[in-house]
Amino acid sequence: MKAETRKLRVVIAKGRIFQNIAQLLHDVGIDLRASERDYRPVVNNLDIEIKLMKPQNIPKLVELGSHDIGFTGKDWVVETASDVHEVMDFGFDPVRIVAAIPDYLDLEKLRQQRIVVASEYERIATSYLQQHGYNYVLLKTFGATEVFPPDDADMIIDNTSTGRTLQEHKLQIIDTVLESSTRFIANHAAMQDPWKVEQIHQMEILFQSTLAARGRVMLEMNVPKEHFDETVKLLPCMRSPTISPLYGEAGYAVKVAVKKSEVLYLIPKLKKLGVTDILEYELRKVII
Ligand SMILES: Nc1ncnc2c1ncn2[C@@H]1O[C@H](COP(=O)(O)OP(=O)(O)OP(=O)(O)O)[C@@H](O)[C@H]1O
Ligand SMILES: O=P(O)(O)OC[C@H]1O[C@H](OP(=O)(O)OP(=O)(O)O)[C@H](O)[C@@H]1O
């Protein structure tokens, strides 16, 4: 196949984690045009073709090689025991897979008896229950797992994000089984193909720089001469700040990229040191 006709085959999770993936792709210049039920969106990039699939199916499809790369939850990589290369953890849409029981039940008593455990995650649940020596029967669920206890199950192994669903169903967490978030995964053979690996690395750099930029803002300010050293010490910049002298030796113009979370505490301190004309603006990419 000629290099110029090659395409990287990408599979993306539809459903709840799609939004954040689509936004990240948009931020690196890849736009998808798809309607709600469209599984093959049109892409503005000639080097890739994209298909949307259920998150549960993506890891195996990437392992099998019908797609070179995929974006899905770590939980389904583990649950399907897929042999794929993890390129990146995007860190978004984090969930915990937890074991939970009705809040009035005593765990020690439960451990003395044969229990019914409901879970969508058969493999993850089996491995957890065996490792902890439970006497159990596993009931595979197809959603709405939290509704099973107390009459249809004694324990559930399910994902939780805010914890609201567990609370509403009067369930207490007894253990965290796995932590999951959205991952960028690749097929092993694709990682051996020079053209594909180049595409994958380029994407990785763009994703990393975009995610790094999301956590930072640029601050510009005028610093009076007499407080210059104190001000520079205060600034938590990435490397060293950019400094230019102001006209008439009035002080310095300083420019730094700082963490968004630090701005709130930093600005009052800067004002106290007589810093003026502070500008804060968003960054698109940070490449170190
Ligand atoms: N708050 C959340 N609740 C459930 N899953 C979440 C949450 N946040 C992220 N995820 C992740 O999303 C993926 C499942 O997505 P989603 O629930 O859209 O799939 P689905 O089961 O096909 O959808 P549906 O529940 O509508 O059938 C998993 O990887 C899961 O870990
Ligand atoms: O901790 P929370 O923020 O409440 O979110 C977690 C809940 O959300 C999901 O259910 P979903 O709405 O996808 O329905 P499902 O059980 O049918 O998958 C998941 O299965 C949990 O039950």
Side-chain angles (χ1 to χ4, degrees), residues 10-25 32 34-41 50-63 67 69-103 116-128 138-186 207 211 214:
V10 184
V11 60
I12 302 179
K14 63 193 283 294
R16 65 173 74 231
I17 60 178
F18 174 73
Q19 212 51 45
N20 278 332
I21 301 168
Q23 182 62 50
L24 182 62
L25 289 171
L32 317 183
S35 63
E36 190 61 18
R37 299 200 58 77
D38 192 351
Y39 286 81
R40 295 181 193 275
I50 292 183
K51 191 172 178 186
L52 308 186
M53 303 286 277
K54 295 281 267 184
Q56 295 85 337
N57 287 126
I58 290 178
K60 261 300 169 232
L61 296 176
V62 172
E63 178 192 308
H67 296 276
I69 61 169
F71 306 109
T72 191
K74 162 95 174 171
D75 46 357
W76 291 105
V77 177
V78 176
E79 174 60 23
T80 57
S82 296
D83 185 14
V84 291
H85 174 81
E86 185 179 307
V87 183
M88 254 182 99
D89 177 0
F90 290 151
F92 40 66
D93 289 313
V95 290
R96 283 194 298 153
I97 313 303
V98 296
I101 59 173
D103 56 11
V116 176
V117 182
S119 184
E120 211 178 337
Y121 301 99
E122 269 182 304
R123 191 187 300 261
I124 293 171
T126 302
S127 144
Y128 173 79
L138 184 66
L139 204 57
K140 156 89 177 152
T141 63
F142 301 88
T145 309
E146 64 278 1
V147 189
F148 282 66
D151 42 353
D152 289 310
D154 305 296
M155 182 190 287
I156 65 167
I157 294 183
D158 198 13
N159 59 25
T160 176
S161 142
T162 61
R164 205 178 309 136
T165 305
L166 294 176
Q167 220 175 356
E168 278 167 7
H169 290 84
K170 300 188 174 15
L171 294 163
Q172 55 170 319
I173 295 176
I174 54 159
D175 215 348
T176 296
V177 180
L178 180 79
E179 294 193 357
S180 175
S181 53
T182 305
R183 307 293 161 108
F184 173 3
I185 55 172
F207 289 147
L211 291 175
R214 283 187 190 171

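Both counts, for ligands and for their atoms, begin at 1 and track the order of listing.
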Does Glu120, backbone or side chain, put an N or O under 3.5 Å from an N or O of ligand 2? no
Winner among Asp158, Asn159, Thr182, Asn20 once heavy atoms are compared against atom 5 (N) of ligand 1: Asn159
Atom indices of ligand 1 within 4.0 angstrom of Ile17 heavy atoms, with elements: 9 (C), 11 (C), 12 (O)
Any side-chain heavy-atom pair of Leu166 and Ile173 under 4.5 Å: yes
Atoms of ligand 1 close to Trp76 [distance to a heavy atom under 4.0 angstrom, numbered from 1]: 28 (C), 29 (O)
Ligand 2 contact by Arg16, heavy-atom criterion under 4.0 angstrom: yes
Taking atom 20 (P) of ligand 1 as the point of reference, which of Lys74, Gln56, Lys14 owns the nearest heavy atom? Gln56
Distance alone, cut at 3.5 Å: any donor-acceptor contact between the side chains of Thr160 and Arg96? no
Between Phe18 and Phe71, ring centroids under 6.0 Å: no
Any idea which of Arg96, Met53, Arg16, Glu79 brings a heavy atom closest to atom 6 (C) of ligand 1? Arg16
Within a distance under 4.0 Å of any heavy atom of Gly73, pick out the atoms of ligand 1 and give their elements. 29 (O)
Step-by-step side chain to side chain donor-acceptor pair (under 3.5 Å) determination, Asp175 to Tyr128: CA-CA 10 Å; Asp175 215 348; Tyr128 173 79; 2.7 Å; yes
Suppose we measure from atom 18 (O) of ligand 2 to each protein heavy atom; which comes out shortest, and what is that distance? Gly143 CA, 4.3 Å
Check if Pro55 has a non-hydrogen atom at a distance under 4.0 Å from any atom of ligand 1. yes
Give the residue and atom name of whichever protein heavy atom lies nearest to atom 6 (C) of ligand 2, and the separation in Å to one decimal. Asn159 O, 3.7 Å
Can you confirm whether something in the protein, heavy atoms only, sits under 4.0 Å from atom 17 (O) of ligand 1? yes
Show, in sequence, the C-alpha distance, side-chain angles and deciding distance for Leu32 and Ile12, and conclude whether the side-chain contact (heavy atoms from CB on, under 4.5 Å) test is met. CA-CA 11 Å; Leu32 317 183; Ile12 302 179; 4.1 Å; yes
Nearest protein heavy atom to atom 3 (O) of ligand 2, by residue and atom, and its distance? Thr162 OG1, 2.5 Å
Candidate pair Asp103 and Leu171, rule side-chain contact (heavy atoms from CB on, under 4.5 Å), full reasoning: CA-CA 5 Å; Asp103 56 11; Leu171 294 163; over 6 Å; no
Show which atoms of ligand 1 fall inside a sub-4.0 Å distance from at least one heavy-atom site of Ser161. 1 (N)
What part of Asp158 sits under 4.0 Å from ligand 2 if we count only heavy atoms: the side chain, the backbone, both or neither? side chain
Using a 4.0 Å cutoff against the non-hydrogen atoms of Lys54, which atoms of ligand 1 qualify? 20 (P), 22 (O), 27 (O)
Give the intermediate values and the outcome of side-chain contact (heavy atoms from CB on, under 4.5 Å) for residues Phe92 and Arg214. CA-CA 12 Å; Phe92 40 66; Arg214 283 187 190 171; 4.2 Å; yes
Please check atom 25 (O) of ligand 1 for a protein heavy-atom neighbour under 4.0 Å. no
Interfacing atoms of ligand 1 (cut-off 4.0 Å, heavy-atom, Asp75): 28 (C), 29 (O), 30 (C), 31 (O)
For ligand 2, find out whether one of its N or O atoms is nearer than 3.5 Å to an N or O atom of Ala144. yes
Can an N or O of Thr145 be found at a distance shorter than 3.5 Å from an N or O of ligand 2? no
With a 4.0 Å cut-off, would you call Asp89 and Arg183 a salt bridge? yes
Students should be able to answer this: which protein heavy-atom is nearest to atom 8 (N) of ligand 1, and at what distance? Val95 CG1, 3.3 Å
Suppose I only count heavy atoms of Gly15 and a 4.0 Å limit; which atoms of ligand 1 are within that range? 18 (O)
